[in-house]
Number of protein chains: 2
Amino acid sequence: MFSKSTEYALRAIIYLAQNSDPDHKIGLEELSKAIGSPRSFTAKIMQKLTKDQNLVSSVTGPGGGFYTNQESKTRSVFSVLELMGEETTITQCVLGLDQCSDQNPCPLHSTYKQIKPRLLEMFQGKSIQQLAKELKNEKTVLNRPRKAS
Amino acid sequence: MFSKSTEYALRAIIYLAQNSDPDHKIGLEELSKAIGSPRSFTAKIMQKLTKDQNLVSSVTGPGGGFYTNQESKTRSVFSVLELMGEETTITQCVLGLDQCSDQNPCPLHSTYKQIKPRLLEMFQGKSIQQLAKELKNEKTVLNRPRKAS
DNA sequence: ATAATTAAAGATATTTTTATCCTTAATTAA
DNA sequence: TTAATTAAGGATAAAAATATCTTTAATTAT
Ligand code: FES
Ligand code: FES
């Protein structure tokens, strides 16, 4: 559904929401291993995420790393999608027409019209923190286990 | 949501379902203009679609072109997605984990679990012919109008 | 048979996405 | 102040997606 970059970004920020705070930062090494993403590529994505204030912060040097503060954890999952330029994945026309609207509907529009709001709600209605909590409570995972448990 | 290739494929097959039959074939020129896709690239996609029997047929030479027969029009939109290798776009884990299942759910799984069946139904429950009919009846479009009407 | 038309097939080209590596800058600890 | 650590930034590289062009094969009309 989303690009690898966005998948990594989502996994990374959820991991940080669960495991970091301003007093406990996570290094790139731990982070990329935890979410099962290529280290250097993840570095690039983190640079993008830290560009946007309010989402992910970082500090260089010993003891440094990436972290989320309390406020950033309240941001919606959708805000991550926006930052990664993936709103269109949900909002654009399924057949690729210039705009998805009731004005010039494609043949799939009337059906997609019913699903799109649910997809938006799925991401807009969930905060990063909520996902992190589910991770803790419901035994969900962020990495790619080779064998199912 | 889908790749350009898949978007073109869907638009093409819907156009053919509406405008072609074994006695009235559509040339690449008309087809690519009608759906607003790059001509040569569309040719490649059509080759893929004609490889699968039952979906799109073609004939070379004067009067030749692409067409759909009555049976192929009854196929589901999902069958096109399968042919284009896009089932995973819907079925795979939103966070990119190896598998999307209740076994090793990611933090978004419980929410996506409610939407995924609707997305599948959206494509499995619609035949190509149904979309072509909507195109005719409900004034839907397949190209990219520069100005909304 | 020959010429014209059309898709199939193959070769390339371009762009975007994904990924790695190397150098620099910031921070901390000794 | 020096050395160590860590992310930032820049330069490439590799792979995949998108796109174009040229040649070939099939079919039809003359
Ligand atoms: S116009 Fe195509 S999905 Fe809305
Ligand atoms: S496991 Fe992630 S969406 Fe199902």
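Here is the naming used below: chain letters follow the sequence lines, and residue numbers restart at 1 for every chain.
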Rounded to the nearest Å, what distance is computed from the [atom1] atom of residue [X] to the [atom2] atom of nucleotide [N]?
| X | N | atom1 | atom2 | value |
| --- | --- | --- | --- | --- |
| B:Leu28 | D:dA19 | CG | P | 14 Å |
| A:Arg39 | C:dC21 | CZ | C1' | 11 Å |
| B:Leu31 | C:dT6 | CG | C1' | 13 Å |
| A:Lys25 | C:dT27 | NZ | P | 11 Å |
| A:Glu29 | D:dA8 | CD | C1' | 17 Å |
| A:Lys44 | D:dA13 | NZ | P | 15 Å |
| A:Leu16 | D:dA7 | CG | P | 11 Å |

### Task
Look at the side chain of B:Ser40 and decide which nucleotide, out of D:dT20, C:dT27, C:dA8, has an atom nearest to it.
D:dT20
### Query
If you check every side-chain atom of A:Phe66, which of D:dA7, C:dA4, C:dA7 has the closest atom?
D:dA7
### Task
Classify the side-chain pair A:Ser58/A:Thr50 by whether it contains a donor and acceptor separated by less than 3.5 Å.
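Per modelled atom types, A:Ser58 and A:Thr50 side chains form no pair under 3.5 Å.
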### Query
For D:dA7, which nucleotide in any strand shown is its Watson-Crick or wobble partner with both distances under 3.5 Å?
C:dT24
Would you say the side-chain atoms of [X] pair up with the backbone N or O of [Y], donor to acceptor, closer than 3.5 Å?
| X | Y | answer |
| --- | --- | --- |
| B:Gln130 | B:Ser127 | yes |
| A:Ser72 | A:Thr68 | no |
| A:Lys116 | A:Thr91 | yes |
| B:Arg118 | A:Ile115 | no |

### Task
In plain terms, say whether A:Lys73 and A:Asp21 are close enough for a salt bridge, that is, a side-chain N and a carboxylate O under 4.0 Å apart.
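Between A:Asp21 and A:Lys73 there is no salt bridge, as every charged N stays at least 4.0 Å from the carboxylate O atoms.
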### Message
In this structure, would A:Leu49 and A:Tyr67 fall into the same cluster of hydrophobic residues linked by side-chain contacts under 4.5 Å?
### Response
no
### Query
If you group Ile, Leu, Val, Met, Phe, Trp and Tyr by side-chain heavy-atom gaps below 4.5 Å, do A:Val59 and A:Leu31 land in one group?
no
### Phosphate contact (D:dT28 OP1 or OP2) by B:Thr60 side-chain N/O below 4.0 Å
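No, because none of the side-chain N or O atoms of B:Thr60 sits under 4.0 Å from OP1 or OP2 of D:dT28.
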What pairs of nitrogen or oxygen atoms, one from the protein and one from nucleotides 12-18 of chain C, lie under 3.5 Å apart?
unit_1, atom_1, unit_2, atom_2, d
C:dT18, OP1, A:Lys4, N, 3.0
C:dT18, OP2, A:Ser5, OG, 3.1

### Query
How do B:Ile26 and A:Gly61 order along DNA chain C: which one's closest nucleotide is nearer the 5' end?
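Result of the comparison: B:Ile26.
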### Message
Closest-nucleotide mapping onto DNA chain D: is A:Gly65 or B:Val59 further toward the 5' terminus? I mean the 5' end.
### Response
A:Gly65
#### Entry: Interface with DNA chain C, restricted to residues 45-55 of chain B and to heavy atoms under 4.0 Å
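Under 4.0 Å from DNA chain C: B:Gln47, B:Thr50, B:Lys51.
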### Task
Determine, stepwise, if the pair B:Asp102 / B:His109 fulfils side-chain hydrogen bond (donor to acceptor under 3.5 Å, both in side chains).
CA-CA 8 Å; B:Asp102 297 339; B:His109 181 74; 2.7 Å; yes
